[in-house]
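Side chains are part of it too, since the values below use all heavy atoms of this structure and drop only hydrogens, waters and symmetry mates.
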Amino acid sequence: MAEYMILTEKKSAADNFAQALGGMSGSFDGHSYQIVHAQGHLMELAEPKDQVSNDLKDRYSSWEPENMPWNLADFSWKKEPTKGSNIRKLLSQIKKVSQSSQAIVIATDNDPSGEGELLAWEIINAIGWDGKVYREYHDDETPKSIVKAMRNLKDVSDQSQDGDYLKANVRSKWDFASMQLTRLATSYIRNAGYYVKVVNQGRLKSVMLSMVYQREQAIKNYVKKPYFEVKFQDDQGHVYARKVAKDDEEQLAKIRHSDKAMAEQELQQYQSPVHVKRLKMENKRNMPKTLLDLAKVDALLSKKGYSSNQIKNVYQQLYEAGYVSYPRTEDKVITSEQFNELVQNSKEIALLVGVNVKLLTHTAPRKELVKDSATHGANRPGSKVPASLDELGKALKNKNDLQCAKDIYCLLGRTALAILGEDYLYRVVTAVIEEYPAFGTQYNVPANYNYKQIYCEGELPKAPKPLGKQAKSIVAEGANPKPSKPTKAWLFKRLANYGKYGIGTGATQQSTMAELTSAKSNSHLLKDTKGVLSLTETGLMSAVIARGTMIASPKATEQLFRGMDAVGAFKLEPQKVLNSINTVITHDKPLLQQNMALVEQTIGKPEKKQYPKRDKVDVTYQGKPVQINAKWGEHTWTQGELTELSAGNTITFDYKKGQITGQLGEREYKGHKFIAFVPDFDKD
DNA sequence: GCAAGGTC
């Protein structure tokens, strides 16, 4: 009979605990122990109909609006093992080990949301344990931290007094109850005659869609408002303007003329040419802040055309093989042990990812990047360094993922090594027009790129020309800026920075993005074109029907999380926080119904469109005769092109203002596969 | 079929 059964969140954590304590079982500080591990959540809430009494099953199976809002008092909040091959086996193993233990130690990940406590208690309740339960709080998974945490156990045997569990538990019920909004939106849209799979709504999904929708609308409604402003330009091209805060409408109105003639009139007030006067030249430095979270990795690699799904899967496989660190970390920094490992491996990694080892001179940890506490540490190369980039292929199920794996490794390698580079040094030059000192300019001159030569997002900053001596007055034309297209990077950043809490963790954002952008998913609501997002038709319906709702507002998460904080501190009953979802449903249901008018306005009436039959021509694809459309857009295939395509060759033809290159390939539309001309810009 | 949160 061991004194403790130590329950970790996942296998890798169990391995680290074993390392720290001297084996998967044994004795530590005079306490005997056995280590077991979960695999994330092993339990999840049962389907709504399986949580209510028999007479209510029909009502809670239904997606029809008349059956909502739900009465949450009808729910038993029963949990079931998650679907997965080895879940039940894991549970019974844990149960068996617990039966030969005197107490359970919760050793799951220690993060402020309480998710670790929740998944531990789900298991403890599922195995029917009612003995002693302790919690340990490790800052990271180094032996030192684990040993220290295991010497400071807290008795949490009464789960109703474990604030971290209570808050995470109410979060999970709240989110579960929010699925009513998906049922409502789906039913309203289907009942109106549109064909859709599911019109998803949720406090993360709805916000993501709403943000993309609003940006698409802003681009559509953008009206260019040109203005004309008097500035000076020197003989080297530097422009001197009056400095006004972006939101100071009054001052802006004074210097920006909507009428060009007015600006030209103002121009007459100034003598020209005039003289340039350099005010100062300051030396400045920036230190590397390059470690990435998963969302950022996704956003950066999207530009190369990889899907969120591919990045998620390939990254996971590299992690399981030890080539990269734990993907779903929330850490933005690393510990000194993790830093030392990076320093030790730095030369090998540098050779692999093409970094000059002479740049890796900053081997003293910077206090902003290397801290005492970081469970997994920020994303970086793993402990195992491959002998070559091709070796990464050994970790992959699908060899077609090799280039993606190499790109992930190189990005992680470069961003991690950059923290071993010296600060970027540059000079800030400030100058004004001597005769009119209100007109000024400022620019940076790189002095030493240092860490930026190891990793730099985008292009290295270039040195502008030196200041000129003389400047002439000009009328410069400008305009209100057009909103840029919604990208993954833009969306992730907005989600992370919203309010006090942000919305979703980096890992959840990334996996939700993978779900929403995957054509195979039931929730294919976003299209991803090299990181640029657009709404699919269902995505557009989902965003439009949710206009003005609470679920599509980031405030829903903010309120929920504020409530969770209060629950964790025993200042608020969990029931009160859970009830707030009723307010959301009651508020949003009539809005969803009203917004159907907007859906019809946006999408058009749900009529079955009659597509004109298209002319077909015969070609050969991989030796088999097939038919393709006789036209591609407005281009009709010539006999020569058809011969080339049939031979499996790539062809190029003029189209509108440019050229199109491509060949025959497989395409899929609404589950139906066929052969068609595939332009190179469309290839996966 | 649905959420969001873990995990592989």
Rounded to whole Å, the CG-C1' distance (Leu516(A) to dG1(B)) equals 15 Å
Encode nucleotides 2-7 of chain B as B, S and - characters from 5' to 3', where the letter depends on protein heavy atoms closer than 4.0 Å: B to the base, S only to sugar-phosphate, - to neither. BBBBBB
Could you tell me whether Glu64(A) and Arg183(A) have a side-chain N and a carboxylate O separated by less than 4.0 Å? no
With sequence neighbours excluded, give me every ring pair (Phe, Tyr, Trp, His ring centres under 6.0 Å) pair touching residues 537-595 of chain A. Tyr501(A)-Phe561(A)
Would you list the atom pairs, donor with acceptor, under 3.5 Å between side chains in residues 45-52 of chain A and any protein atom, with sequence neighbours excluded?
from: Gln51(A); atom 1: OE1; to: Trp77(A); atom 2: N; distance (Å): 2.8
from: Gln51(A); atom 1: OE1; to: Lys78(A); atom 2: N; distance (Å): 3.3
from: Gln51(A); atom 1: NE2; to: Ala46(A); atom 2: O; distance (Å): 2.8

Can you label the angle between the Trp121(A) ring and the Tyr165(A) ring as parallel, tilted or perpendicular, going by 30° and 60°? tilted
What is the ring orientation for Phe75(A) with Trp70(A), classed by angle as parallel under 30°, tilted 30 to 60°, or perpendicular over 60°? tilted
